[in-house]
Number of protein chains: 2
Amino acid sequence: MVPPDEQRVGSGPPWVSVGFTLSQLGLETARQFGRITGQFDIEPRHFAVMSAVRLAPDQSQQGIGDGLGIPASTMVTIVDQLEDKGLIERRHLTSDRRTRALHLTAKGESLHDAALEAAKAQEARICAELEPHEREQLLELLGKVRASLGVDATRLPDPAGG
Amino acid sequence: MVPPDEQRVGSGPPWVSVGFTLSQLGLETARQFGRITGQFDIEPRHFAVMSAVRLAPDQSQQGIGDGLGIPASTMVTIVDQLEDKGLIERRHLTSDRRTRALHLTAKGESLHDAALEAAKAQEARICAELEPHEREQLLELLGKVRASLGVDATRLPDPAGG
DNA sequence: TATTGTTATACTCTATAACTATA
DNA sequence: TATAGTTATAGAGTATAACAATA
């Protein structure tokens, strides 16, 4: 597949806006994370699926997809790609032969570990100008904004943007 | 029967991350802004173009597009749509008959005014849980993150005073 | 009959490149 | 020859719906 599109909309409102700033910084953060996953030859959504599978192994493919807001037909494509790379495996459950329980391979786990390390390095770069207590403050303030936006604290952003 | 991390439905990083939070909140903010512009039968990019045109009237179509990172052929589509709605006009400059100088119609200006008001209402909702000094703090901290991310600050004035 | 996974398809969106008219 | 705008088109990505196997 192809790297995320490069379109940006750079004109904000004529006042200092939390909303516009969040959109701007969120988009750039996601873009940079896309470059990070790219170094491991995967996209952010592959990383998201691998994270979800690791957190809840042997769940069904559509179950994982539902948790991430990814439609079933798209999940097939994503898991196909991960399987082609030897990062994930589909298992048939004995109880219900329709479902394909997902789990990471050893290779998948080590790649996910490495990508996690790279993500931590990104986090460090993003927060480079913040004192530790400022970072805590920022997270606390963003928590209040999160509540106002009605965003569930536990769910990954939909990598498809829909 | 219930695993320890049953509460964690999604699969974000196992540490509290500024980057992940920014992606999440930025995406949701943009989504909600899309619904706001939708109430005026336009998309965020139409609003962005109208804002840029209002800020720099009688600039060329491609000049506006360059400032927003929108390719020339896409600008044609956007300006076509705005023109069809009677919100914008293309003028031929006497000096160079190739360029189409853009300016908002009266209808375009009043729609843009109304959309700005709606955007301010969104900003108020987003910041509803923040004390005024907390909002200032948040913007200051995001400014430091902005620098680390390498995102240019918007150099737009603040005529509304807020 | 309902559900999981898969496949096929139609639709949208975007950007590249060709084309025009001016310069 | 170069540039502003336009048009045509091909490509990627997505989601809807049909289909197969199993329950």
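Naming: A, B, ... by sequence-line order, numbering from 1 per chain. Hydrogens, waters and symmetry mates play no part in the numbers below; they use all other heavy atoms, side chains included.
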**Item:** Pairing residues for B/E131 by the salt bridge (Lys or Arg N to Asp or Glu O under 4.0 Å) criterion, not counting sequence neighbours
**Value:** none
**Message:** Could you check, using the six-membered ring where one of them is a Trp, whether B/F47 and B/F33 have ring centers closer than 6.0 angstrom?
**Reply:** yes
**Request:** Starting from C1' on C/dC13, measure out to CD on B/Q81 and report it in whole angstrom.
**Result:** 11 Å
**Fill in**
Separation of C/dG5 atom C1' from A/R91 atom CZ, nearest Å, is 18 Å
All N/O pairs under 3.5 Å across the protein-nucleotides 4-7 of chain D interface:
{"residue": "D/dG5", "atom": "OP1", "partner": "B/Q61", "partner atom": "N", "Å": "3.0"}
{"residue": "D/dG5", "atom": "OP1", "partner": "B/R100", "partner atom": "N", "Å": "2.8"}
{"residue": "D/dG5", "atom": "OP1", "partner": "B/R100", "partner atom": "O", "Å": "3.3"}
{"residue": "D/dG5", "atom": "OP2", "partner": "B/Q62", "partner atom": "N", "Å": "2.7"}
{"residue": "D/dG5", "atom": "N7", "partner": "B/Q62", "partner atom": "NE2", "Å": "3.0"}
{"residue": "D/dT6", "atom": "OP1", "partner": "B/R90", "partner atom": "NE", "Å": "3.2"}
{"residue": "D/dT6", "atom": "OP1", "partner": "B/R100", "partner atom": "NH1", "Å": "3.4"}
{"residue": "D/dT6", "atom": "OP2", "partner": "B/Q61", "partner atom": "OE1", "Å": "3.2"}
{"residue": "D/dT6", "atom": "OP2", "partner": "B/Q61", "partner atom": "NE2", "Å": "2.7"}
{"residue": "D/dT6", "atom": "OP2", "partner": "B/R90", "partner atom": "NH2", "Å": "3.2"}

**Between P of D/dA21 and NE2 of A/H92, the distance in whole Å** = 12 Å
**Asked** Hey, does the side chain of B/R45 come within less than 4.0 Å of C/dT14's phosphate (OP1/OP2), counting only N and O?
**Response** yes
**Message:** Can you see if the side chain of B/T74 gets near the phosphate of C/dT14 - specifically, an N or O under 4.0 Å from OP1 or OP2?
**Reply:** no
**Fill in**
Residues pairing under salt bridge (charged side-chain N to carboxylate O under 4.0 Å, His left out) where one sits in residues 98-108 of chain B, two or more places apart or in two chains, turn out to be B/D96-B/R98
**Residue list, salt bridge (Lys or Arg N to Asp or Glu O under 4.0 Å) with A/E134, at least two apart or on another chain** = B/K144
**Prompt:** Residues in salt bridge (Lys or Arg N to Asp or Glu O under 4.0 Å) with B/D80, at least two apart?
**Reply:** B/R90
**Message:** Going by salt bridge (Lys or Arg N to Asp or Glu O under 4.0 Å), name the residues that satisfy it together with B/E123, two or more places apart in sequence or in a different chain.
**Reply:** B/R135
